Amino acid sequence: MAAARTASAQLPDIWSTGVVALWETDPDALTAVLPPPLKPTGRPLVRVNISKVDLPGYPLGAGSFAVSASHADVDGWYPLVMPMTHERALTGGREVFGEPKKLGEVTVEREGLVVHARMARHGIAFVEVRGAVGEELPLPEPSRKTDFYFKFLPAVDGSGFDADPVLVHCLRNEKVRRLERVTGDVVLRESMYDPVADLPVRRLLEITLGEKTSDQRGRVVERVAAEALLPYIHQRYDDPQQILDAPPEGSH
């Protein structure tokens, strides 16, 4: 295990090219999607990141739809859905950190000055970002971001969870090597599986196209009562009744 940790620490930076859209949304709608103990910040923000990742051996599409949130004295982001194009990309983040990753279609395409990025599942492109690439922007300083995740497993007997979930703070150190402004728009479509259209674009703040790399370190900060998280289980599973599935009849 020690050798594995040492080897992973020496991996080269993995860079991604992605579109990031940031907007203000309806504050009541944002508050409604935050499980306790997360609370809204002073500004109701949504951040969408749609990227293609240069993983050695195979390309990866990775997306995130997150809302601004705070826990204790920490401000960060609470992702509602993180579609990935490969099963391999799901397991580490989902099982280790509790990330809400699901298989989906994630694409970023650029032709000349036109860029088109989308996240789709079950045949529905529930988020699309389209626009024209403009001037290069000054590179930001390396930054640290916090994402909030809830880590849990459905109970063996179909009674909810095996144990009370844990709230995870995931810290990301991010570096950017290229950043361009995009003038365009964000399209949200209704989906019963990914109901992000409930967080409308009230005021579009920015769209950028950039190349970045980041690492991540997670830590458990507290346990959360199962009863508090169960009303939000639809954010994790396409069929929320999955959390109440008992073992198949006749199983041993």
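This one's a predicted model, so the numbers in the text were calculated from it and none came from an experiment.
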Indicate yes or no: at least one non-hydrogen side-chain atom of [X] is less than 4.5 angstrom from one of [Y].
X	Y	value
Ile233	Phe152	yes
Leu22	Val46	no
Leu199	Phe65	yes
Val33	Tyr232	no
Leu209	Thr17	yes
Lys212	Arg177	no
Val67	Leu45	no
Val156	Asp162	yes

Look up atom [atom1] in [X] and atom [atom2] in [Y], then write down how far apart they are to the nearest 0.5 Å.
X	Y	atom1	atom2	answer
Leu205	Glu24	CG	CD	5.0 Å
Glu227	Leu229	CD	CG	10.0 Å
Leu103	Met84	CG	CE	10.0 Å
Leu30	Asp198	CG	CG	11.5 Å
Arg178	Glu211	CZ	CD	6.0 Å

For [Y], does its backbone N or O pair with a side-chain atom of [X] as donor and acceptor, under 3.5 Å?
X	Y	result
Ser68	Arg43	yes
Asp194	Val196	no
Arg223	Asp164	yes
Asp75	Thr41	no

Under the side chain to side chain contact (heavy atoms under 4.5 Å, CB included) rule, collect the residues that match up with [X], sequence neighbours excluded.
X	value
Thr213	Asp13, Trp15, Lys175
Ala32	none
Leu204	Trp23, Val186, Val201, Ile207
Ser51	Ser16, Asn49

In terms of side-chain geometry, is the basic nitrogen of Arg118 or Glu105 positioned less than 4.0 Å from the acidic oxygen of its partner?
yes
Using a strict 4.0 Å threshold on nitrogen-to-oxygen distance, state whether Lys145 and Glu174 make a salt bridge.
yes
Is there a path from [X] to [Y] through hydrophobic residues (I, L, V, M, F, W, Y) whose side chains come within less than 4.5 Å of each other?
X	Y	value
Ile124	Val187	no
Val48	Leu179	no
Val176	Trp77	no
Tyr237	Met119	yes

Indicate the atoms forming the closest heavy-atom contact of [X] with [Y], along with that distance.
X	Y	result
Pro79	Ser64	CB-OG, 4.0 Å
Val129	Ala21	CG2-CB, 4.3 Å
Leu167	Pro37	CD2-CG, 3.9 Å
Val81	Lys102	CG2-CD, 4.3 Å
Thr31	Pro40	OG1-CG, 3.7 Å
Lys101	Ala89	NZ-O, 3.0 Å

Val224 vs Phe150, side chain to side chain contact (heavy atoms under 4.5 Å, CB included): CA-CA, chis, key distance, verdict
CA-CA 9 Å; Val224 179; Phe150 291 94; 3.8 Å; yes
Pairs flagged by ring-ring contact (aromatic ring centres under 6.0 Å, His included) wherever residues 167-194 is involved - sequence neighbours left out
His71-His169, His122-Tyr193, Phe148-His169
Identify, with sequence neighbours excluded, every residue that meets side chain to side chain donor-acceptor pair (under 3.5 Å) alongside [X].
X	answer
Glu190	none
Tyr149	Glu99, Asp147, Arg172
Gln235	Tyr78

Verify side chain to side chain contact (heavy atoms under 4.5 Å, CB included) between Thr208 and Val19, making sure each step is shown before the conclusion.
CA-CA 6 Å; Thr208 56; Val19 170; over 6 Å; no
Hey, can you pull the donor-acceptor pairs under 3.5 Å for the side chains in residues 90-97, sequence neighbours left out?
| from | atom 1 | to | atom 2 | distance (Å) |
| --- | --- | --- | --- | --- |
| Thr91 | OG1 | Arg88 | O | 3.3 |

Please name all residues satisfying salt bridge (charged side-chain N to carboxylate O under 4.0 Å, His left out) with Asp185, sequence neighbours left out, ordered by chain then number.
Arg130
With sequence neighbours excluded, tell me which residues meet ring-ring contact (aromatic ring centres under 6.0 Å, His included) with His234.
none
Are more than 12 heavy atoms from other residues, nucleotides or ligands located less than 6.0 Å from atom CZ of Arg181?
no
Please determine whether the number of non-hydrogen atoms from other residues, nucleotides or ligands lying under 6.0 Å from atom CD of Glu141 exceeds 12.
no
Check against side chain to side chain contact (heavy atoms under 4.5 Å, CB included), Asp238 and Arg121
CA-CA 10 Å; Asp238 287 346; Arg121 299 182 65 247; 2.8 Å; yes
Chi angles and distances behind the side chain to side chain contact (heavy atoms under 4.5 Å, CB included) call for Arg47, Val20
CA-CA 7 Å; Arg47 183 176 187 265; Val20 176; 3.9 Å; yes
Would you be so kind as to tabulate the donor-acceptor pairs closer than 3.5 Å made by side chains of residues 110-117, with sequence neighbours excluded?
| from | atom 1 | to | atom 2 | distance (Å) |
| --- | --- | --- | --- | --- |
| Arg110 | NE | Gly112 | O | 2.8 |
| Arg110 | NH1 | Glu180 | OE1 | 3.1 |
| His116 | NE2 | Glu128 | OE1 | 2.4 |

